[in-house]
Amino acid sequence: MKIKNCCIVILLGIAALVLSPDLESAPRFVPKVRRDVPVDSIILSDPAVLADSASRQYYMTGTGGMIWKSKDLKLWSGPYRVTEIDTTSWMGSRPAIWAAELHQHDGRYYYFATFTNENIIIEENVEGKIPRRASHILVSDKPDGPYRPVGTEDYLPADRPTLDGTFWVDTDGKPYMVFCGEWLHNQNGTIEKVELTSDLSASVGEPSLLFRASDSPWSREQRNGKESFNRVTDGPWLFRTGTGRLGMIWTSWVLSDYTMGVAYSESGTLDGPWIHEPEPITPPNFGHGMIFCDFEGRTILSAHSHSVVNGRYIRRPAFWLIDITGDKLIIKERL
């Protein structure tokens, strides 16, 4: 390249830095892409699947900020890094990315995910130092990204940890983020909602409570020598049954077992009241689920298995065929 052309490139680069946000334009590392990987060979927490009708392809994301692609839900290629964040925001340059989900809305693709900056401590209590953690929304015109922040506003309060944001348009036609208030803050996790602007670029008003961990009849833990409600609320996902009933799957623990339950709204709206089924719906040590329809018209529950190997959590995607054509969610068989 001639010197003159080099100077032009450098000047254009400087102009781009001045005129645009400091988005993470290059990944911290380039993951090695593998092909034809069986789904049960993938290690991934919080697997969320988008069945994209335009490309006739499945896109799976979750914790880590990556995407996997598949034509049949059995063999996958990946991981591909697809997120570009604003490094000048509270997230910093290297936030942890948890519990990502893909949603298609009004012709665009939205990436809901939880970001954590361990360098910002917002609270210190009996559980230790609590870093800043919150759900945020990225957007792309393509299902495989790149995904960039929709706006510059914070969606959730900065003074408490929140996580596992998901998307729902309620009967009022308004979009909402439904999310968890982390138990580390108040020893009783919550599931809450906050209204979003029509373009999902910001929240509207303050969050409102849907229910608390202590409302669950099935989640349990040993605390201070006694058995009590489990404090964890994790992974909400909304759905409607064939009769129009509004349901929510969410995850907690039954003593040492990570497990998913379901609640139904008596009003048919997010405002509830939410009535919890008395027993979990998944086998022990499966949780953090979501629901999608495959290209064959089947309704599928995605979750991850949970095991501890040499002191380390190992989580892998798992799929079940389910039936929600009636009045409640019924798990039929594992795929």
Holding to side chain to side chain contact (heavy atoms under 4.5 Å, CB included), I want the full list of residues that pass it with Glu118, two or more places apart in sequence or in another chain.
Thr116, Pro131, Arg133
Same apolar cluster: Phe167 and Tyr155, side chain cutoff 4.5 Å
yes
Taking Thr162 for its side chain and Cys180 for its backbone only, find out whether a donor-acceptor pair lies under 3.5 Å.
no
Can you check whether Asp327's main-chain N or O pairs, donor with acceptor, with Arg245's side chain at less than 3.5 Å?
yes
If you define the side chain from C-beta out and look only at heavy atoms, does anything of Val178 sit under 4.5 Å from Phe112?
no
If hydrophobic clusters are built by linking Ile, Leu, Val, Met, Phe, Trp and Tyr wherever their side-chain heavy atoms come under 4.5 Å apart, do Val204 and Trp168 end up in the same one?
no
Sequence neighbours left out, what passes side chain to side chain contact (heavy atoms under 4.5 Å, CB included) with Leu255? Give chain and number order.
Arg220, Gln222, Glu227
Do the side-chain N and O atoms of Asp72 and Ser70 include a donor-acceptor pair separated by under 3.5 angstrom?
yes
Using the side chain to side chain contact (heavy atoms under 4.5 Å, CB included) criterion, which residues pair with Val309? Sequence neighbours excluded.
Ser307, Ile314
Residue list, side-chain hydrogen bond (donor to acceptor under 3.5 Å, both in side chains) with Thr282, at least two apart or on another chain
none
Can you list everything that forms a side-chain hydrogen bond (donor to acceptor under 3.5 Å, both in side chains) with Asp141? Sequence neighbours excluded, please.
Arg108
For His185, the side chain to side chain contact (heavy atoms under 4.5 Å, CB included) test, sequence neighbours excluded, returns Glu123, Arg160, Pro161
Checking Tyr111 side chain against Pro146 main chain: does a donor-acceptor pair fall under 3.5 Å?
no
Does Tyr258 have Arg315 sitting over its ring (NZ/CZ under 6.0 Å from centre, angle to axis within 45°)?
yes
